[in-house]
Amino acid sequence: MSTTTASPLRPRVTTAPDGAGPGPGPAPWWASAVVYQVYPRSFADSDGDGVGDLRGITSRLDHLVDLGVDVVWLSPVYASPQDDNGYDISDYRAVDPTFGTLEDLEELTDALHARGMKLVMDLVVNHTSDEHPWFVESRTSPSSAKRDWYWWRGPREGMEGGAPGAEPTNWRSAFSGPAWSLDEASGEYYLHLFSRKQPDLNWENPDVRAAVHEMMRWWLDRGVDGFRMDVINMVSKDVAADGSLPDGRDADPRTGLAGGGEHYLCGPRIHEYLAEMHAEVFAGRPEALLTVGEMPGVTVADAQRFTDPASAEVDMVFQFEHVDLDHDGSKWHPVPLDLLALKASSGRWQAGLAERGWNSLYWNNHDQPRIVSRWGDDSPEHRAASARCLGTLLHLHRGTPYVYQGEEIGMANFPWASAEQLRDIESVNHLAEEVGHGGDPAEVLSRVAVSSRDNARTPVQWDASPSAGFTTGEPWIAVNPDHARGWTVADQADDPTSVLAHYRRLVALRHDWPVVALGDFTMLVPEHEQVYAFTRRLEGEGPDGAPAADELLVVANVGSSPVDLTDLLPEAVAGPGRDLELVLGTVPGDGGGDDADVAADPVLAPWEARVLRRG
Ligand code: NOJ
């Protein structure tokens with residue numbers, strides 16, 4: 001059961017002091033905002049074809065209003081052959097009929113704006129679809145005016161096109177196999193870091209960049225409030241003066257392929273490109289916009305530069321360090337999470353972006369398995385508590401939190417039982433590749449089931465009806481059977497003890513308490529294997545103008561057995577002479593939810609989290 005303090009959530013510090021934001025000056029609006037990600041295919045279906053759509057989203061906005069989020073990030077709805085569920089775009093200015101029309105999108109934008117929310121679109125410009133007219137023209141011949149808009153290269157020297165290993169580099173595609181495909185007609189290969197239907201654009205060509213900028217301005221002029229930029233740190237490749245691209249290191253002896261990321265992640269011109277984009281697209285616009293760059297492999301030092309307002313590149317980045325901690329090299333080889341490593345990582349990111357720059361905070365998105373199954377405990381006994389606990393941890397860090405659809409009701413991974421149930425190109429290709437190399441199908445499936453992106457893509461569970469209220473038709477992907485056991489919006493909406501109610505409180509806390517949005521961060525007990533604890537502190541000015549400070553102490557038990565704080569963190573336990581108030585907790589106290597009792601209990605229940613305020 002969740003409980004909050006009886007006192008209203010009132011800010012003690014009303015003015016953010018200069019410098020509390022990502023750079024000098026007042027804090028930007030998004031410092032106290034919460035973003036909600038909608039994956040349109042799986043959110044809500046309005047026309048019964050089994051696939052979510054724009055009208056479905058518009059019909060469910062009350063849920064987002066109740067949750068209190070400020071921004072919706074909409075995964076791609078553009079025209080697309082849907083090879084990668086819309087991350088393969090064939091027309092940047094059209095809506096795919098699967099999702100509706102441009103008018104439907106306008107209606108959604110207006111409806112969000114009317115409710116005080118903003119709309120951030122996905123921007124997928126590392127690559128297009130191979131059905132985009134730019135690529136169609138590019139592939140017509142080596143002399144095409146658009147040939148240089150993509151990466152075309154001949155076979156490796158001395159080799160025949162199509163021969164094993166003849167690809168121009170040994171880079172592996174993120175979706176299995178080589179990152180180059182041969183165009184039989186010209187005898188040249190084109191680069192695709194993702195599927196063969198997602199050819200990479202050549203950002204070295206200024207016409208490509210200008211076309212992207214123009215398209216972005218077009219969307220902003222239509223009222224969109226910013227962009228989440230798909231793998232944006234892959235757009236600058238390590239190309240030599242003679243046009244060649246280098247091989248990646250540490251090739252897998254079995255396939256001859258290497259990741260190659262050292263040659264295209266945060267490449268040599270990335271800062272130049274993003275600064276140029278900022279100048280061409282965003283500079284001088286009066287609207288309150290948001291930009292977030294998805295950046296696999298980005299380091300703290302890179303992120304500082306990308307998000308320092310003085311660099312004028314992007315507002316924040318999605319980094320991957322934490323979600324890479326629970327696997328061994330490849331995402332398909334999961335290992336248990338080491339909590340110490342997680343704390344060390346987030347502590348470094350918090351410290352690294354404390355003075356300049358800004359963090360985004362996420363556990364989930366459309367590419368990640370569900371957090372309650374991944375780092376929580378999705379057994380019936382602990383599922384709700386662990387969902388609340390992990391939500392509390394995320395939302396109490398400094399940065400902008402992102403909630404992925406369904407996370408707010410504790411949605412869990414799907415119990416995948418057969419390969420036929422999978423839809424995701426990455427999972428399907430990996431399974432085929434491994435089985436092709438002699439892997440045992442059941443063993444490979446069991447690993448894919450843990451890490452598959454499809455875990456994030458099962459439909460949002462609105463109610464207990466047969467397709468969870470997602471569609472009246474046949475859903476494009478299986479619905480999690482646990483929607484019949486209380487894991488729905490309808491079940492949780494009016495229950496003050498639900499995961500959903502707790503997420504509402506977390507969102508409100510960030511809005512109402514400047515210390516949550518802007519306070520500095522100090523990690524406590526970094527060596528403890530089950531307790532995740534930190535403080536947030538903000539110096540400022542009270543309502544009377546006098547100097548004031550707010551300090552929060554966050555303690556969480558990241559495990560399914562109780563933990564006694566008596567010796568570990570005595571300062572986190574209320575007692576005589578200690579002025580400690582429970583602002584937000586996840587379980588009631590022995591006294592039936594009395595805050596003082598909870599704050600004074602030295603034992604944290606399994607997955608209990610407390611947000612305490614020092615007087
Ligand atoms: C990252 C996106 O989040 C993912 O879903 C997509 O498959 C790749 N980029 C390629 O666009």
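Counting starts at 1 for both ligands and their atoms, following the listed order. We use all heavy atoms of the structure for the numbers below, so side chains are in, but hydrogens, waters and symmetry mates are not. It should be emphasised that the depicted structure is a prediction, and the values quoted were computed from it without experimental measurement.
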(Q) Restricting to non-hydrogen atoms, name the atom on G357 and the atom on P309 that form the minimum distance, rounded to 0.1 Å. (A) N-CD, 4.2 Å

Q: Around atom 9 (N) of ligand 1, find the nearest protein heavy atom and jot down its residue, atom name and distance.
A: D230 OD1, 2.9 Å

Q. Which ligand 1 atoms are under 4.0 Å away from a heavy-atom of D367?
A. 1 (C), 2 (C), 3 (O), 4 (C), 5 (O)

Q.
Which residue and atom name correspond to the protein heavy atom nearest atom 8 (C) of ligand 1, and how close is it?
A. F194 CE2, 3.7 Å

Q. Are any of the side-chain heavy atoms of F414 and D454 separated by less than 4.5 Å?
A. no

Q | R453 touching ligand 1 at heavy-atom level, < 4.0 angstrom | A | yes

**Q.** Those atoms of ligand 1 less than 4.0 Å from some heavy atom in R228
**A.** 2 (C), 3 (O)

**Q.** ligand 1-proximal atoms of F175, by part, heavy-atom distance under 4.0 Å
**A.** side chain

Q) How are the rings of W73 and H366 set to each other: parallel, tilted or perpendicular (split at 30° and 60°)? A) perpendicular

Q) Please state which protein non-hydrogen atom is closest to atom 6 (C) of ligand 1 and give its distance, to 0.1 Å? A) D84 OD2, 3.3 Å

Q: Can you sort out which atoms of ligand 1 are near H127, meaning under 4.0 Å from one of its heavy atoms?
A: 10 (C), 11 (O)

Q | Aromatic ring pairing W363/H322, orientation class (parallel under 30°, perpendicular over 60°, tilted between) | A | tilted

Q: Compute the ring centroids of F318 and Y362, then answer whether they are less than 6.0 Å apart.
A: yes

Q) With a cut-off of under 6.0 Å to the ring centre and 45° to the axis, is R60 in cation-pi contact with W462? A) yes

